[in-house]
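Take a look at the structure set out below.
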There are 2 protein chains.
Amino acid sequence: MTTPAPDPTQLLKCLPLFQELLPEQLQAIAAASRQRRLSRGGMLFQKGDPAHGFYVVVSGQIKLAFPSLQGNEKVIEILGPQQSFGEAVMFMGRPYPVFAEAMSESLLLCIGGEAVFALLERDPGFARRMLAGLSLRLHTLVQDIETYSQRSATQRLVGFLLQLYPQGASGSHEIRLPASKQVIASRLNLTPETLSRIFHELSNSGVIEVHGKTVVIPDLTRLREYDL
Amino acid sequence: MTTPAPDPTQLLKCLPLFQELLPEQLQAIAAASRQRRLSRGGMLFQKGDPAHGFYVVVSGQIKLAFPSLQGNEKVIEILGPQQSFGEAVMFMGRPYPVFAEAMSESLLLCIGGEAVFALLERDPGFARRMLAGLSLRLHTLVQDIETYSQRSATQRLVGFLLQLYPQGASGSHEIRLPASKQVIASRLNLTPETLSRIFHELSNSGVIEVHGKTVVIPDLTRLREYDL
DNA sequence: CGTACCTTTGATGTGAATCAAGAGTAGTGG
DNA sequence: CCACTACTCTTGATTCACATCAAAGGTACG
């Protein structure tokens with residue numbers, strides 16, 4: 001039933017973060033990492049759990065979110081293959097500020113903190129790549145704040161769709177939503193009802209067509225206009 | 001008129017980031033840094049400017065914000081002495097995503113990127129502190145998003161006041177607002193009108209007293225209850 | 001002491017949440 | 001293959017928090 005365990009070294013070397021490491025360094029990291037399988041709905045960690053390392057998504061999808069008293073959680077990020085998370089928390093030796101749940105059958109690599117710290121000692125280039133990676137995330141978050149605070153619900157959705165649109169690809173004009181509309185609504189800080197209504201409006205004005213999880217964009221330029 | 005230029009090395013060694021550097025390392029950093037004076041309203045950099053280094057506030061106050069078409073800008077952060085900013089952008093070699101403006105007569109240290117990169121090569125401990133510093137910022141931003149998206153205007157203000165409240169200090173019960181109410185409103189993603197009304201409500205219910213920029217908190221516990 | 005900017009106060013407007021059903025859609029097991 | 005349950009998604013009516021508009025005090029400072 002379960003797919004065969006892939007070689008961790010192979011997986012690691014595909015990550016931007018580890019791109020330029022020497023084989024022996026890769027080995028060291030690989031040795032300090034464990035694989036972790038989760039089925040849909042499985043919890044990787046809870047908010048408040050202590051962090052001993054960071055994670056890389058190999059396959060599947062993981063969502064990071066805040067639990068909420070009334071069960072309506074707030075999704076911070078939806079992570080796919082090749083994306084990593086938890087580095088920041090590891091460096092600070094703090095508990096996780098969010099929880100992580102698998103949205104589908106997922107495979108993860110869990111990389112122990114000690115190995116990273118050891119590598120940091122020896123390879124300044126590694127430090128620099130790590131720093132750059134973290135900076136990128138910071139940058140993204142700053143933009144998220146801009147988004148949340150200055151843009152309407154419609155603009156947020158359009159921005160999201162545009163971001164999903166394969167770079168420069170002018171062929172297909174078709175997007176597959178990466179998650180259920182509920183989850184996307186939460187990511188965009190909207191209720192499912194509102195999201196539904198906006199999809200409807202955009203359809204009516206002919207800017208997009210929605211068929212289940214498929215969104216067709218007949219005129220990219222026109223959609224972009226909503227993005228201000 | 002201008003205060004005498006202080007010794008950059010003295011300033012640097014007070015910063016958490018540079019706390020444990022060797023004197024010669026401090027020298028190197030100091031050599032690569034320039035001082036920068038700004039008067040109230042002076043611009044340090046604009047959104048979109050290229051980043052060649054990062055900044056440390058020595059004295060005064062700097063605000064980081066997004067420009068906005070209609071002139072109503074969105075304040076991301078208000079930075080005081082000892083705080084630094086721009087590291088993330090420097091590592092990515094990207095232009096600044098926000099602009100920086102002095103809110104009062106300010107003195108800054110501008111630290112060149114090359115010196116930092118060089119130090120990174122030699123001192124893994126420095127790398128680690130840098131990483132931790134950046135991680136902390138990331139953490140804060142994630143919390144900011146939680147704040148913006150899940151909390152009411154009143155809760156945001158109370159949270160802000162609580163954060164301003166000197167740690168554990170049970171003596172004074174008195175806070176000085178670090179900026180004009182306008183600016184604070186923006187930082188909390190509110191209009192000045194709304195902020196004013198909330199201050200009024202909180203005063204009426206006796207949880208706080210407001211006198212200009214001074215806020216008195218007669219009962220800390222009661223204020224905390226608003227914070228949920 | 002006057003001009004320019006903060007801050008307050010009141011009246012009104014609105015985007016999105018909430019509440020409340022209903023309509024698909026998808027797995028489950030007989 | 002067809003109910004049976006359980007979601008996810010839509011649609012409409014209503015509400016509410018906060019923004020916007022407008023105008024009047026306050027305060028700071030050249």
Side-chain angles (χ1 to χ4, degrees), chain A residues 39-41 63 68-75 78 101 103-105 147-158 160 176-204 208-215 226 228, chain B residues 1 39-41 61 63 68-75 78 101 103-105 147-158 160 176-204 208-215 226 228:
Chain A
S39 44
R40 180 175 156 74
K63 86 173 168 209
S68 162
L69 310 162
Q70 306 86 333
N72 47 11
E73 57 198 27
K74 169 73 188 80
V75 177
I78 301 169
E101 181 190 325
M103 295 176 57
S104 57
E105 183 80 24
T147 298
Y148 282 138
S149 56
Q150 332 223 266
R151 318 187 68 181
S152 72
T154 304
Q155 289 176 320
R156 297 207 291 274
L157 176 55
V158 170
F160 182 75
R176 284 240 95 202
L177 297 179
S180 74
K181 292 182 183 170
Q182 266 188 129
V183 170
I184 291 172
S186 175
R187 166 76 247 269
L188 296 174
N189 215 30
L190 298 171
T191 55
E193 293 95 322
T194 302
L195 181 66
S196 177
R197 287 185 239 272
I198 295 174
F199 265 132
H200 198 93
E201 281 168 32
L202 290 175
S203 297
N204 276 345
I208 62 172
E209 281 169 46
V210 186
H211 306 109
K213 288 198 171 176
T214 307
V215 177
Y226 281 80
L228 233 161
Chain B
M1 206 86 274
S39 45
R40 183 173 207 285
Q61 280 182 320
K63 85 173 167 209
S68 161
L69 310 163
Q70 307 87 330
N72 48 10
E73 58 197 33
K74 168 71 190 80
V75 177
I78 303 167
E101 181 189 325
M103 295 176 55
S104 57
E105 183 81 24
T147 299
Y148 282 139
S149 56
Q150 329 226 267
R151 318 187 69 183
S152 71
T154 305
Q155 288 176 320
R156 298 208 290 275
L157 175 55
V158 170
F160 181 77
R176 284 241 94 203
L177 296 179
S180 75
K181 293 183 183 171
Q182 263 189 136
V183 171
I184 291 172
S186 175
R187 167 75 248 270
L188 297 174
N189 215 29
L190 298 172
T191 55
E193 293 95 323
T194 301
L195 181 67
S196 176
R197 287 184 239 272
I198 295 175
F199 266 131
H200 199 95
E201 282 167 33
L202 290 175
S203 296
N204 277 345
I208 62 173
E209 281 169 47
V210 185
H211 305 110
K213 288 197 173 179
T214 306
V215 177
Y226 281 80
L228 235 159

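All chains are named by letter (A, B, ...) in the order of the sequence lines, taking the proteins before the strands, and each is independently numbered beginning at 1.
The two residues A/Gln150 and A/Gln155 have their closest heavy-atom pair at O-OE1, 4.2 Å. Closest heavy-atom contact between B/Met103 and B/Lys63: SD-CB, 3.5 Å. Of all the heavy atoms in A/Gln182 and A/Pro192, the pair that sits closest is CG-CG, 4.2 Å. When all heavy atoms of A/Ile184 and A/Ala179 are compared, the pair lying nearest together is CD1-O, 3.5 Å.
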Using Watson-Crick or G-U wobble pairs with both distances under 3.5 Å, give me DNA chain D in dot-bracket, 5' to 3', with [ ] for crossers and | for pairs to another strand. |||.||||.|||||||||||||||.|||||

Got a list of protein N/O to nucleotides 4-6 of chain C N/O distances below 3.5 Å?
{"from": "C/dC6", "atom 1": "OP2", "to": "B/Gln182", "atom 2": "OE1", "distance (Å)": "3.4"}
{"from": "C/dC6", "atom 1": "OP2", "to": "B/Gln182", "atom 2": "NE2", "distance (Å)": "2.7"}

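First and last contacts of DNA chain D with chain A, using any nucleotide atom under 4.0 Å from a protein heavy atom and ordered 5' to 3', fall at D/dT8 to D/dA13.
Counting heavy atoms from C-beta outward, A/Asn189 and B/Tyr148 have side chains that stay 4.5 Å or more apart.
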Determine, step by step, whether A/Lys181 and A/Val210 satisfy the side chain to side chain contact (heavy atoms under 4.5 Å, CB included) criterion, reporting the C-alpha distance in whole Å, the side-chain angles of both residues, the deciding distance to 0.1 Å, and the verdict. CA-CA 12 Å; A/Lys181 292 182 183 170; A/Val210 186; 3.7 Å; yes

Test log, rule side chain to side chain contact (heavy atoms under 4.5 Å, CB included), inputs A/Val158 and A/Leu202: CA-CA 9 Å; A/Val158 170; A/Leu202 290 175; 4.2 Å; yes

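Separating the CG atom of A/Leu157 from the P atom of C/dG15 is a distance of 17 Å, rounded to the nearest angstrom. When the P atom of C/dA17 is taken as reference, atom CD of B/Gln150 falls 12 Å away, rounded to whole Å.
The salt bridge (charged side-chain N to carboxylate O under 4.0 Å, His left out) test applied to B/Arg187 returns B/Asp144, not counting sequence neighbours.
Side chain to side chain, A/Ser104 and A/Arg40 fail the donor-acceptor criterion of an N or O pair below 3.5 Å.
A distance of 8.0 Å separates CZ of A/Phe199 from OG of A/Ser203, quoted to the nearest 0.5 Å. A/Lys213 NZ to A/Arg176 CZ: the interatomic distance, rounded to the nearest 0.5 Å, is 7.5 Å.
Evaluation of the salt bridge (Lys or Arg N to Asp or Glu O under 4.0 Å) test over residues 194-203 of chain A, restricted to residues two or more places apart or in two chains, returns none.
Of the residues in residues 186-198 of chain A, those placing a heavy atom less than 4.0 Å from an atom of DNA chain C are A/Asn189, A/Leu190, A/Thr191, A/Glu193, A/Thr194, A/Arg197, in numerical order.
The one candidate from B/Leu157, B/Thr194, B/Ile198 that meets the side-chain contact (heavy atoms from CB on, under 4.5 Å) condition with B/Leu188 is B/Leu157.
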